[in-house]
Number of protein chains: 2
Amino acid sequence: MDIARLAGVNPSTVSRALSGSQSVTEETRNRIAAIAKANGYVANHNARMLRSRQAHQILVIVPNIAAFSHPDVILGVEEALEEHGIGVIIGSTKGNEERENALARQLITGAADGLILLNGRVPEEFQGLPQYAKRIVAVSRPVDFPGVPFIGIDNESAALEATQYLISLGRSRILHLSGPRESSIFAARAKGYHAAMAEAGLEAHAEVMHLPFFTITSGRQALRDILTRRHLPDAVLCASDELAFGAIQSCREVGIKVPEQIAFVGFDNHPVSEAFSPPLTTVSVPRRDLGYVGAQTLLRSISDDLSETQAQILPYELIVRASCGRNRW
Amino acid sequence: MDIARLAGVNPSTVSRALSGSQSVTEETRNRIAAIAKANGYVANHNARMLRSRQAHQILVIVPNIAAFSHPDVILGVEEALEEHGIGVIIGSTKGNEERENALARQLITGAADGLILLNGRVPEEFQGLPQYAKRIVAVSRPVDFPGVPFIGIDNESAALEATQYLISLGRSRILHLSGPRESSIFAARAKGYHAAMAEAGLEAHAEVMHLPFFTITSGRQALRDILTRRHLPDAVLCASDELAFGAIQSCREVGIKVPEQIAFVGFDNHPVSEAFSPPLTTVSVPRRDLGYVGAQTLLRSISDDLSETQAQILPYELIVRASCGRNRW
DNA sequence: TTGAAAGCGATACCAG
DNA sequence: CTGGTATCGCTTTCAA
């Protein structure tokens, strides 16, 4: 590097000066910094990373970046990493396993130093490679891979509480609209829902509908089908706010009154839920914190001073709004 | 690399085989590929990139990843790049100039091969470095930097058309709720709005409110203020769907009827706008296509076969829903 | 088609 | 505190 020549020092001194090493006179450091700046010099990323064996990048794998809940998590991740000068790479998989593996390779090849999984699954590529566990954390959705920490909420308990709330309002024919059955997060919510129903002696009315997607469109279509039934539910617990938005839309379209005829509860507390009509009662998930804590956990895990924390459960909160009406009795 | 030893060939042959070079026997290539796979070998990313002077990564700079309109654009970018085996890095700046420059350095240091700007501004860092123009494209919001192509919609014309639509319904006291005045995209929309008002002889009623953010909260607060006025507008053209959601919420809270008393038009056609109550009339922006075309343009520009395309204007569409009611006359 | 050797641009280690 | 040198892991050029 010719900054060395210009400064009349050895390249290694330039390197030390620019990376803020202590073992360089402040005077020398300043002089080199000035020369570098004047010449618009910045160290080549790939060369540094090759030598120092760090990418200074963390990869976040999301199933779908357009889903309502992920951007806020990513925001939290960014905030945590920014403080450490670490960049964030995003990859969305859309459930495509091939794509998942391609992204996984970013970790294996050293393009990223760590992985934050929001998709609830460790890519196949890591099977039989337990040494990568310490470079991976799962956020929002747990994964089945030994040694990978999880940061999320207690979904079972949240669904339980939400269902109990509906029951406390006098609702009994409560339907649970959920996401893919295979996803542990939806399984947990369904479990909490069933527990509450059973506890209230309403098991006979319990019904879980697992949908392949938890989008607005998906919720809309599901309710269209349900509204053709002879006996309508009097409440619906939705596994995402998006499902609830679509579902409520369908009700409106056929003149079913919300919350009078059917009450709705969502999951996420997306910003829209407050502006929606009726404002949506929903389980608030600390998305940003999940991302923030997840990133911090990852950094600690990578640098080896993680005291075997296997799961961090953050608090959720049931936000009561008008979509469930008031107590009927 | 010991794959070479295992295969009994020279490292260079392994390199050639794995990168699919033609000048290697198919037989040799297959044999090496098999051995590499069996041993879980993948070439180190940073070393490859150092040598070949490519990062195979594109950086997308967004002002705020939680804004409703960006994720879809990113989706389009990902789709376009995935086909070329190029990864996507995301950085959100939250308007922080220092953060912008830090991200810019990713391009300068070679951590990324190109830059897609969704924030309407080329980072300071590139001032006086025109050679980077060919590695940058601006999507959604144009930037002021010679040689940087722009992919977006005709905002002025879209706002003009939306305003004309409101006028055609008999509305006359139309307010325009917009984002930061400094942003050219909002300036363009305001211009179209003014043109329509002037054309209809309603210039006297024209009023543009520039808000620092175009979020739900921002729209909600703005309308709260406006609704205390003696003379209410009879329509509001919002520069984003989010503003509209918040604004309509405020109307609902004080009992103002939408669309009877005030009609609303949004911008973006976010998925929620259809499920909202009332369903929101809005300008549909082809967000995904913008991202897709933007990424393609960038790739062509980087590889030098860009025929000096300076702007690609994609079609928008006014989606008419119930938030403006029907013609009053 | 393959091998040998020379870097890519930095950092790290060992002397001084 | 600074200089010299080996080296990170791969690709590429030049010969054979």
Side-chain angles (χ1 to χ4, degrees), chain A residues 1-37 39-57 85-87 105-113 131 302-303, chain B residues 1-37 39-57 85-87 105-113 131:
Chain A
M1 52 181 118
D2 45 32
I3 297 300
R5 285 208 335 279
L6 291 172
V9 297
N10 189 282
S12 38
T13 305
V14 173
S15 172
R16 282 185 283 253
L18 260 33
S19 57
S21 158
Q22 287 311 314
S23 41
V24 161
T25 327
E26 181 162 345
E27 187 261 314
T28 317
R29 184 172 33 247
N30 291 153
R31 190 163 52 87
I32 293 179
I35 295 178
K37 183 150 202 174
N39 293 62
Y41 171 82
V42 280
N44 177 288
H45 176 86
N46 293 306
R48 303 183 72 147
M49 299 323 148
L50 171 57
R51 192 60 237 233
S52 60
R53 303 165 163 294
Q54 285 194 41
H56 288 274
Q57 305 270 21
I86 296 176
R105 247 164 270 139
Q106 299 244 351
L107 180 58
I108 298 175
T109 62
D113 298 323
Q131 69 272 33
I302 290 176
S303 62
Chain B
M1 48 182 120
D2 46 31
I3 296 301
R5 283 208 338 279
L6 290 172
V9 296
N10 189 281
S12 41
T13 305
V14 173
S15 170
R16 282 186 281 251
L18 261 33
S19 57
S21 157
Q22 287 312 311
S23 44
V24 103
T25 325
E26 181 163 345
E27 187 260 315
T28 319
R29 181 172 35 246
N30 292 152
R31 190 163 52 88
I32 293 177
I35 296 177
K37 182 149 203 177
N39 293 61
Y41 171 82
V42 281
N44 177 287
H45 177 85
N46 293 307
R48 302 184 73 147
M49 298 323 148
L50 172 57
R51 192 62 234 237
S52 58
R53 303 165 165 294
Q54 284 194 41
H56 289 274
Q57 305 269 18
I86 296 175
R105 247 164 269 137
Q106 299 245 348
L107 180 60
I108 299 175
T109 62
D113 298 322
Q131 69 271 31

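Lettering of chains follows the sequences in order, A, B, ..., and the numbering in each one begins at 1. Heavy-atom basis, side chains included; hydrogens, waters and symmetry copies ignored.
Here B:Ser19 lies out of heavy-atom contact (under 4.0 Å) with every strand.
Annotation: A:Glu26, atom CD; neighbour count of heavy atoms from other residues, nucleotides and ligands within 6.0 Å does not exceed 12.
At whole-Å resolution of the value, NE2 in B:His56 and P in D:dC10 are 15 Å apart. Taking atom CZ of residue B:Arg48 and atom P of nucleotide D:dT12, one finds them 9 Å apart after rounding to whole Å. In this structure, A:Ile3 places its CD1 atom 17 Å from C1' of C:dT11, rounding to the nearest Å. Distance CG (B:Leu18) to P (C:dT2): 14 Å, rounded to an integer number of Å. Straight-line distance from the CE atom of B:Met49 to the P atom of D:dT11: 8 Å, rounded to whole Å. What separates CD1 of A:Ile108 from P of D:dC10 is a distance of 14 Å, to the nearest Å. Here the C1' atom of nucleotide D:dC8 and the CG atom of B:Leu50 are 9 Å apart, to the nearest Å. Here D:dC1 presents its P atom at 14 Å from CG of A:Asn30, a figure rounded to the nearest Å.
Of the two residues contacting DNA chain C, namely A:Ala47 and B:Glu27, the nearest-nucleotide position lying further toward the 5' end is that of B:Glu27.
For A:Thr28, a side-chain nitrogen or oxygen approaches OP1 or OP2 of D:dT2 to under 4.0 Å. Phosphate proximity of C:dG9 to A:Tyr41: absent, as no side-chain N or O sits under 4.0 Å from OP1 or OP2. For D:dT11, one of the phosphate oxygens OP1 or OP2 lies less than 4.0 angstrom from a side-chain nitrogen or oxygen of B:Ser15. Contact between the side-chain N/O atoms of B:Arg53 and the OP1/OP2 oxygens of C:dG9 is found at a separation under 4.0 Å.
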Under 3.5 Å, side-chain donor or acceptor atoms of residues 45-56 of chain A against the rest of the protein: list the pairs with distances, not counting sequence neighbours.
from: A:Asn46; atom 1: ND2; to: B:Gly110; atom 2: O; distance (Å): 3.2
from: A:Ser52; atom 1: OG; to: A:Arg48; atom 2: O; distance (Å): 2.6

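Under a 3.5 Å cut-off, the side chain of A:Arg31 and the backbone N or O of A:Ala7 do form a donor-acceptor pair. The backbone N or O of A:Glu27 lies less than 3.5 Å from no partner atom in the side chain of A:Thr25, so there is not a single donor-acceptor pair.
For A:Ile35 against A:Asn39, the heavy-atom pair with the smallest separation is O-OD1, 2.8 Å. The heavy-atom pair separating B:Ile3 from B:Ala36 by the smallest distance is CD1-CA, 4.0 Å.
Taking A:Asn10 as the reference, A:Ser12 meet the side chain to side chain donor-acceptor pair (under 3.5 Å) condition, with sequence neighbours excluded.
For A:Thr25, the listed nucleotide lying nearest its side chain is D:dC1; candidates were D:dT12, D:dC1, C:dG9.
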Between the protein and nucleotides 3-7 of chain C, list every N/O to N/O distance that falls short of 3.5 Å.
from: C:dG3; atom 1: OP2; to: B:Asn10; atom 2: N; distance (Å): 3.0
from: C:dG3; atom 1: OP2; to: B:Thr13; atom 2: OG1; distance (Å): 2.6
from: C:dG3; atom 1: N7; to: B:Arg16; atom 2: NH2; distance (Å): 2.9
from: C:dG3; atom 1: O6; to: B:Arg16; atom 2: NH1; distance (Å): 3.3
from: C:dA4; atom 1: OP2; to: B:Asn10; atom 2: ND2; distance (Å): 3.2
from: C:dA4; atom 1: N6; to: B:Ser12; atom 2: OG; distance (Å): 3.2
from: C:dG7; atom 1: N2; to: B:Arg51; atom 2: NH1; distance (Å): 2.9
from: C:dG7; atom 1: N3; to: B:Arg51; atom 2: NH1; distance (Å): 2.9

